Amino acid sequence: MPDPAKPMIEFRGVTKRFGAFTAVRDVSLTVNTGEFLTLLGPSGCGKTTLLRLLAGFETPDEGLVLLDGEDVSHVPPYRRSVNQVFQSYALFPHMTVKENVGFGLRMQNIPAPEAEARIKEALATVSLAEQADKLPHQMSGGQRQRVALARAIVCRPKVLLLDEPLSALDAKLRHGMQLELKRLQRKLGLTFVFVTHDQEEALTMSDRIAIINHGRIEQLGNATEIYHRPRTPFAADFIGQANLLSAEIILRNGSKATVRLDTGLELVVACTDLPVGATKALVSIRPEKIHIGRTPAIAENVFQAKIEEEIFQGATDQLRLITDQGTRFHALVANESATQEAYHEGDRVYCSLHLDDLVIVQTE
Amino acid sequence: MPDPAKPMIEFRGVTKRFGAFTAVRDVSLTVNTGEFLTLLGPSGCGKTTLLRLLAGFETPDEGLVLLDGEDVSHVPPYRRSVNQVFQSYALFPHMTVKENVGFGLRMQNIPAPEAEARIKEALATVSLAEQADKLPHQMSGGQRQRVALARAIVCRPKVLLLDEPLSALDAKLRHGMQLELKRLQRKLGLTFVFVTHDQEEALTMSDRIAIINHGRIEQLGNATEIYHRPRTPFAADFIGQANLLSAEIILRNGSKATVRLDTGLELVVACTDLPVGATKALVSIRPEKIHIGRTPAIAENVFQAKIEEEIFQGATDQLRLITDQGTRFHALVANESATQEAYHEGDRVYCSLHLDDLVIVQTE
Amino acid sequence: MPAPRPLIPSGLTLLNWFLRGWTGLVFAFLYAPIAVLVVFSFNSSRLNIVWESFTFNWYERLLTNAPLIKAAKNSLIVASISTILSVVLGTAGAWLLHRYRFRFSRAIQTLVAIPMVMPEILLGISLLILFVTAGLKLGFTSVIIGHVTFSFPFVLVAVQARLQGLDPALEEAALDLGASPLKAFWLVIVPCLRPAIIAGGLMAFTLSMDELIVTVFVKSAASATLPVKVFDMARVGLNPMLNALSAIFIIATVAFVLFSEYLKKLSR
Amino acid sequence: MHALTPATPGVSDHNRPGWKAWALLMPMVLWLLLFVVVPGLILLVYSFCERDEIGGVVYSFTWRNFERVFDPVYLRIFWRSILYAGITTIICAVVGYPVAYYMARAGEALRNRLLLLVMVPFWTSFLIRTYAWITILKQEGLLNSLVQAMNLNLGPFNLLYTPTAVVIGLVYAYLPFMILPIYGSAEKLDNSLIEAAYDLGAGPVRAFSSVIVPLTMPGIAAGTLLVFVPAIGMFAITDLMGGAKVPMIGNVIQNQFLQARDWPFGAALGVIFMLMFVLTYVILQRRGSRAA
Amino acid sequence: AELNLFGWSEYVPQDVLDGFTKETGITVNFETYASNEEMLSKLVAGGGNYDLVQPSEYAAELMIRRNMLAKLDKAKLPNFKNLSPEFLGQVHDPKDEYTVPYMSGTVGIVVNTAVVKDDIKGYKDVFQAKFKNRLVVLDDNREIVTWALYASGLPVNEINPTSLAKVRPLVSEWVKLVKVFDSGSPKTALLNGDVDIGIVWSGEAALLWKEDQKFKYVLPAEGAHRFIDIFAIPADAPHKDAAHAFINYILKPEVSKIVSENFPYTNPNLEARKLLTPEEQANPASYPTGSPKLETFRDIGKAAAEIDQLMTDLKSAQ
Ligand SMILES: Nc1ncnc2c1ncn2[C@@H]1O[C@H](COP(=O)(O)OP(=O)(O)OP(=O)(O)O)[C@@H](O)[C@H]1O
Ligand SMILES: Nc1ncnc2c1ncn2[C@@H]1O[C@H](COP(=O)(O)OP(=O)(O)OP(=O)(O)O)[C@@H](O)[C@H]1O
Ligand SMILES: NCCCCNCCCN
Ligand SMILES: [Mg+2]
Ligand SMILES: [Mg+2]
């Protein structure tokens, strides 16, 4: 079992440029053995480039990349115990599924019977035991992606890099594979670096999440930290849905403060994240934290609003609200059902907001 | 304004075979003018093939395809007022964004000043006004997809076919584009046929949804029908998350019936969907319909369960439960917050289930 | 969709160096004889054997050698026309064979390969017999027919290789947007095939510029190409005038390339 | 990602040619019939005829020419030609592959420039190039002077008019025809496949042999065709750089038309020669389409 | 007006063609060949529209017999008189009705005396094991077989399977000694130092001598080939007048002199010879002294094919 205290991966001030363009800027990051780290960020922010630096396809222009304590900045990819699931699958088109999965083992000169067994196991893990003799072009996108996954895990590398490994799967299959991956990672004690653009996936699976923007790490923390305590407007906005409201601080009162939104609506927030001299703040409110009712609830902030639009989302309804002052919000409520009251467009409702559910993400 | 009562699209018993393989079987379907229809189904079920039949890239082996009342089964694609956003974008690599978007207008010999204006508008719609002079390979996946969208909408076809038009966008952008598309469709009164593998997207956007499986329409209805009243196990399982439980009917009592699950747990269901002679049934329960509490709530079905696992999903927590009888469920609760009690692994809780929230999807 | 990543990844430094060095050596090999003939084009000795002294004499004599200049002109005419025809025939053929399932696709495909494998002398003689029998007067037409016959398959093969990687949705998108099949081909497919068309065209041009044996048989005296003239002059040993001619050719080409790239840069 | 899943396979309706498609294909088909099939038939007819004293063709049926083709003398020549062409092809592939690969991986501007630079030397007449090689390889030539000047204690090399010189000449003449097709298929090669091989522990050599080569096989096959076939038929280089000592099949065919004036025999040799290739080609094509 | 001339390569100087055009206004389309057989092939295939060809004596003999040549109009050739009778009335055209001699020459041995100190007198001295890979010879099958026939004392114009069988071992041995077979420019290998002895056209030898007198020309004692290359007009020539005009022009002494300067073969034009410099006249390859045994070739019919097969066989057997 690997030692979970020891860092398995370390980036020390890594910068990577492509010509004039800086894809990764001064990234420092430590991933512990057995940890599940997710890189999350918009397209083109440098996630794949970070993985490539780890896998050895790129050399850093500045800084060091350490694997298991050893500087590998100039070690070629085939000498690193790191395997990758490629964003584009990168299956060898001339090899069957079995041959694809067995490639890494062949390169390690694993004896045939053992290899055979491991391939079988890996294919079973991704539910493709039956398809071992197909060629990649005979499979659907989702199946291919699973082959790519099996090909990487069969090598049992110390570090597994997964570049959007589930993006081609429909929600059903995706959920199944998420659980499977997580189980695998725990069982083998592997270190995972995972890239996704699906935030729910990130929140569900990761030990820690790094929010990347323009080649920089914007925030690093576990799922609840990232979700409940975004540090920057970008992080707040990028993860989940957020109502981002800019406000003026008009009153400080012990551990609380009152802020006024542009429309005039006043809200009470906690002072924890408010530096002393700040006069302006950006407040983030998660839609599901806004409690909707026909009657006002007991909370620091209560105000009335009208439902402008109701959008059915399956398990939840999204409500677009406008307060009497003119501030627009959106909120989530459980969908209409036997036990749940229904709200409709045009209804006037009470919104209640708990003090701790208003998060300050930026001050001035 | 088009007449919303007149069918814009009609499939009459359409079958399409590829060699021995039947991709579309005996599909009959009417889409009204101005309607937003979504095709939903697993990979390879025939969604793209249906669109291709509409666009004119395939001719039906049996049946007819009518557009605006006219049989177009043998009209070539370039003579149909139908435009498509391709699953693979299919941007012309040698043309700039502007030229790509303007291609359809050029084919229609729209005069330059008008074309210019329409291109500008379309690009603004997809927030790409700034990128007009880039080449496709200089853009990220998400940007390309938006160009493909702009290229199709700029032609203002009667019918717009969208094959997973938002799949490459991150959640943030995706939400924005969903709203934008919906707005556009309403404003121009266009008929949309939309393919997605994102169920939430389907539920959010569509007037009606067609669930496709193995080339057949399994269920056709609006979002709430599809979500709340799935007709087949496939439909129940494919949309949202569902607890599918097979049960024996042990007692009928007026409008209610009692069923027993394999584990022995007994539940009360409504008789509405239970045919007279049926002895077995498949029951579907949405996870969010299971009310969790420290105390039993008032409902037809109340039972105790232990929390096996708690998975953080952002706005909600997923709970995996096991009843005392050994039945496994999953349920959704709002995530821990200032106003919401937290549940943890190992906790014993009461589950309450309203009669109407148990849906019979199959009987024997 | 990942960003395009050209080149060998920077993590594979050694491989990078090897490839670069090797390519350098091979280009040295390709250009060694070219360098020699450029140097000897300034050698005063008529025999290409030892360096005597520097002279422009051969260039001067070259410019007054009317038959040679005429042959060079003929060559350019023949190569240009047959390249154009080859490109048209080869590209259209490749597209049609790729795009449609014709009944005799495979047979046609095999037929296309025959001129590539046919020894030139056989092609030359049999075409000559054909032309003489058919009463076609030998001249530019017959030469161009000969050249197109063996060079268009090269274009076809190159374009076909490229087509295999082309997204069929591109054509469909064009049709979908209202372009007729012909317009779709011209406005979308052809630009996408450009690299292959250029490579194929280059091969066709090169083959035509360098073709001797077929030409010897199907030319008339007035349509003799440069290789024919060069062969007449050079089969008894190298003539520095020919060195001069080659040097001019190569320098002109390189200059042309640099110039057109410069123009491209300007227009951007 | 979806862009990478190939479009649905198989024959779709708009793959069925209408009359317009046929009409557009006709020029090429006619061209092939007129200028390939008809001349081929002429040769076939000739191969069964006899010659007269001056070298004209007498239309009387005989198998004699084909009997002669299978005389051990000519079989030996066939074999030797195949050997030389084979060696040439292998060297071209080995020498040209890295170049093609490098070009394919280079940036677009550099790529186009290199592509042109590979072809430009061949716009001088081949005879001129060959003489330039003679200037380099001859006894008192540049190569030997260079070796001498560098005091390398090597040589002098006696290269000219040896089989080595012939192979050098052949490799030089055909190298671009190996490089271009390989370039074509390497350019399409998905980089991430190679990276996947490295990622899974394959060093450069194994990545090359088990992934890169199989995936660029179409290019290698096309290059082999474009080099091997003309190399077998080549005669001028064997004459000029090899001293015309050992005839190749190309020389023999050439001789029947230009020296011995035995056209029917030349035609018979040519027919067999072409048959050999058409068969090989058809077999390769079959195999290729089965592998795809 | 036009003239389509089909002639030997490196035999007609460009200056002469230019001069003709200047004088008559007739443009000359000049095409070349490297052997009589090549020329015959093109003529038989047709399509060439040649007005004037330059066969050697034995090819002319064949062409006359096959009615491929047009009779000359001597009235249009006033300069015919300049020719030496030595080259007229030959067996291939006893009445000089079809042909006009252009140049003559011999096939003999060139020795680089700076390297080879032996006294080389004939074929047998050339083909010695010690000269292996030091030899260049014409790439001409009939020539090579002829040398072997001379060396074996057999007649060179009556070739049959028996005589061929007799010389086969000899030729087989010779072929192995040769480094280069080249009829186009055999001098090159000698000048380059790649070989030391050659059996070549006398014109080539004369050029070598001009370059460096260490290259000595020897006519083989066993006997040597004397060729006469002639001008003739194909029967179907479209521009017969132009062809006559060209022949007449070439026969002018000052024009013929230019030919000799460039290609120092034996000039049959006596008036032209007078205009040559003493050195040129003294070039032993151009104008051999003494009384060597010389013979012209006759057409040998199908034996040509047999010679060809023999040589192919022997060369490829190496
Ligand atoms: N070889 C390269 N040359 C030039 N620019 C590059 C290169 N590789 C990457 N880039 C640029 O670096 C940036 C980061 O790219 P990267 O592939 O890491 O993004 P990403 O975060 O993985 O995006 P996505 O979610 O779309 O996969 C992008 O803007 C990209 O265009
Ligand atoms: N031209 C063809 N030849 C043979 N089979 C085909 C062809 N086109 C489609 N199919 C098959 O028909 C089925 C339906 O394909 P289609 O592309 O419509 O699926 P889809 O629902 O769009 O899937 P996805 O979500 O993966 O895009 C697939 O199983 C596919 O393999
Ligand atoms: N380069 C011109 C050589 C002319 C020699 N003609 C001789 C022919 C004897 N067969
Ligand atoms: Mg990426
Ligand atoms: Mg699809």
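The structure presented is a predicted model; accordingly, all values stated were derived computationally and were not measured.
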Contact part of C:Phe154 toward chain D, heavy-atom cut-off under 4.5 Å: side chain, backbone, both or neither? side chain
Any side-chain heavy-atom pair from C:Met203 and D:Leu180 closer than 4.5 angstrom? yes
Could you check if a side-chain atom of C:Phe152 sits within less than 4.5 angstrom of a side-chain atom of D:Leu32, using non-hydrogen atoms only? yes
Could you tell me the separation between the OG atom of C:Ser41 and the CD1 atom of D:Ile128, rounded to the nearest 0.5 Å? 11.0 Å
Do D:Trp31 and C:Val148 have side chains that get closer than 4.5 Å, going by heavy atoms? yes
If we only count heavy atoms from C-beta on, is the C:Met209 to D:Phe122 side-chain gap below 4.5 Å? no
Say you draw a straight line from OG1 of C:Thr23 to CD1 of D:Ile179; how long is it, rounded to the nearest 0.5 Å? 8.5 Å
So which part of D:Pro98 gets closer than 4.5 Å to some heavy atom of chain C, the side chain, the backbone, both or neither? both
Looking at every heavy atom in both D:Val36 and C:Pro115, which two are closest together, and how far apart are they? CG2-CG, 3.6 Å
Among C:Glu211, C:Arg103, C:Met118, the residue with the most heavy-atom pairs under 4.5 Å to chain D is C:Met118
If we only count heavy atoms from C-beta on, is the C:Asn243 to D:Thr124 side-chain gap below 4.5 Å? no
Determine the option with the most heavy-atom pairs under 4.5 angstrom with chain C, choosing from D:Val271, D:Ile42, D:Val37. D:Ile42
Contact check, side chains of D:Val120 and C:Ile34, non-hydrogen atoms, under 4.5 Å: no
Given D:Ser125, D:Gly270, D:Gly219, D:Ser185, the one with more heavy-atom pairs under 4.5 angstrom with chain C than any other is D:Ser125
For D:Trp123 and C:Phe205, I'd like to know if the aromatic rings sit close, meaning centre-to-centre distance below 6.0 Å. yes
Do C:Ile121 and D:Phe235 come within less than 4.5 Å of each other through their side chains, counting heavy atoms only? no
Correct closest heavy-atom pair for C:Pro33 and D:Arg129 would be CB-O, 4.2 Å
Top contributor to chain C interface from D:Asn112, D:Leu114, D:Val29, D:Leu43 [non-hydrogen pairs under 4.5 Å]: D:Leu43
Kindly compute the distance separating CZ (D:Phe257) from CG (C:Leu122), expressed to the nearest 0.5 Å. 5.5 Å
Checking heavy atoms, do the side chain of C:Leu25, its backbone, both or neither come under 4.5 Å from chain D? neither
Minimum heavy-atom distance C:Leu130-D:Pro39, with the two atoms named: CD2-CG, 4.3 Å
Backbone N or O of D:Val95 within a donor-acceptor pair of the C:Trp22 side chain at under 3.5 Å? yes
Using heavy-atom distances under 4.5 Å, tell me whether D:Phe273 contacts chain C through its side chain, its backbone, both, or neither. side chain
Give me the ring orientation class for C:Phe29 and D:Tyr172: parallel if the planes are under 30° apart, tilted from 30 to 60°, perpendicular past 60°. perpendicular
Out of D:Phe228, D:Tyr46, D:Trp22, which one racks up the most heavy-atom pairs below 4.5 Å with chain C? D:Trp22
First locate atom CG of D:Leu258, then atom CD1 of C:Ile213, and finally report the distance between them rounded to the nearest 0.5 Å. 8.5 Å
C:Val112, part contacting chain D, at a heavy-atom distance under 4.5 Å: both
Picking from C:Ile145, C:Leu182, C:Val26, which has the most non-hydrogen pairs under 4.5 angstrom with chain D? C:Ile145
Chain C: which of D:Gln254, D:Met119, D:Lys20 shares the most heavy-atom pairs with it under 4.5 Å? D:Met119
Might you work through the side-chain contact (heavy atoms from CB on, under 4.5 Å) test for D:Phe35 and C:Phe131, ending with a clear yes or no? CA-CA 10 Å; D:Phe35 302 124; C:Phe131 295 150; 4.0 Å; yes
Could you tell me which of C:Ile108, C:Ile250, C:Leu207, C:Ile129 has the largest number of non-hydrogen atom pairs under 4.5 Å with chain D? C:Ile129
If one checks every heavy atom of D:Val99 against chain C at 4.5 Å, the contacting part turns out to be both
What distance do D:Leu24 atom CG and C:Tyr100 atom OH have between them, rounded to the nearest 0.5 Å? 8.0 Å
Out of curiosity, D:Thr135 OG1 to C:Asn43 CG, how far, rounded to the nearest 0.5 Å? 10.5 Å
Please flag which part of C:Leu245 lies under 4.5 Å from any non-hydrogen atom of chain D: side chain, backbone, both or neither. neither
D:Met217 atom CE: more than 12 heavy-atom contacts under 6.0 Å: no
Would you check if C:Phe18 and D:Tyr102 make a side-chain contact, meaning some heavy-atom pair closer than 4.5 Å? no
Pick one of side chain, backbone, both or neither for C:Phe185, based on which atoms fall under 4.5 Å of a heavy atom in chain D. neither
Per-residue tally against chain D (heavy atom, under 4.5 Å) across C:Ala113, C:Ala199, C:Pro153, C:Gly146 peaks at C:Ala113
Is there a side-chain contact (heavy atoms from CB on, under 4.5 Å) between D:Val229 and C:Met116 once you walk through the steps? CA-CA 8 Å; D:Val229 173; C:Met116 296 202 288; over 6 Å; no
For D:Leu116, is it the side chain, the backbone, both, or neither that has a heavy atom closer than 4.5 Å to a heavy atom of chain C? both
Quick one: what part of C:Ala32 sits under 4.5 Å from any heavy atom of chain D, side chain, backbone, both or neither? both
Closest non-hydrogen atom pair, D:Met28 against C:Leu89: SD-O, 4.1 Å
